[in-house]
Amino acid sequence: MFAAPQSAFRNAAPMSCAYQVSLIDRRTGRAHRVAGSPLVRFTRDPQSAVQELLDGRDARLWEARIEPLDAYAR
């Protein structure tokens with residue numbers, strides 16, 4: 001698991017396994033929730049998911065956390 005600012009993934013190589021991308025509030029360290037459920041994207045393209053989740057948000061307050069879902073990717 002790691003956190004990355006939006007700009008860190010612009011030039012990264014495409015990834016093939018599935019990932020879970022969560023929006024994290026830096027003030028609390030917890031996942032952002034909508035109607036009580038954490039805001040999570042499941043994707044094979046974490047770069048796009050990070051860009052979409054952080055679009056229009058203050059990078060000082062928000063970060064995206066990426067976790068591989070493939071057991072062999074860890």
Side-chain angles (χ1 to χ4, degrees):
M1 171 174 59
F2 61 94
Q6 180 177 6
S7 61
F9 285 101
R10 291 192 180 160
N11 297 322
M15 301 177 189
S16 59
C17 73
Y19 293 86
Q20 172 181 316
V21 181
S22 304
L23 183 63
I24 305 297
D25 186 333
R26 290 178 186 252
R27 297 166 290 190
T28 63
R30 295 183 177 191
H32 178 60
R33 294 181 173 270
V34 176
S37 297
L39 181 59
V40 176
R41 296 275 315 265
F42 296 98
T43 182
R44 292 194 182 276
D45 184 6
Q47 299 93 337
S48 293
V50 167
Q51 289 176 355
E52 289 176 16
L53 287 173
L54 295 178
D55 186 40
R57 298 184 192 274
D58 187 344
R60 294 174 294 174
L61 303 177
W62 300 99
E63 67 182 82
R65 189 168 292 160
I66 301 168
E67 297 182 59
L69 297 177
D70 183 357
Y72 297 107
R74 296 179 184 191

Residues 31-43 vs salt bridge (Lys or Arg N to Asp or Glu O under 4.0 Å), sequence neighbours excluded, gives R41-E52
Show your working on side-chain contact (heavy atoms from CB on, under 4.5 Å) between L69 and Y19 and close with a plain yes or no. CA-CA 5 Å; L69 297 177; Y19 293 86; 5.6 Å; no
Nearest 0.5 Å please: distance from the CG atom of L39 over to the CG atom of D25. 12.0 Å
Atom of V40, atom of S22 and distance for their closest heavy-atom approach: CG2-OG, 3.8 Å
Say whether L54 and I66 are linked into one hydrophobic cluster, either directly or through other cluster members, by side-chain heavy-atom distances under 4.5 angstrom. yes
Return the minimal non-hydrogen interatomic distance between L61 and R27, and the atom names on each side. CD2-CD, 3.9 Å
Sort and list the pairs that fulfil ring pair (Phe, Tyr, Trp, His ring centres under 6.0 Å) and have at least one residue in residues 34-57, not counting sequence neighbours. none
Would you name the heavy atoms of R26 and W62 that are closest together and state the gap between them? NE-O, 3.1 Å
Minimum heavy-atom distance V50-A64, with the two atoms named: CG2-CB, 3.8 Å
Over 12 foreign heavy atoms within 6.0 Å of CZ, R30: no
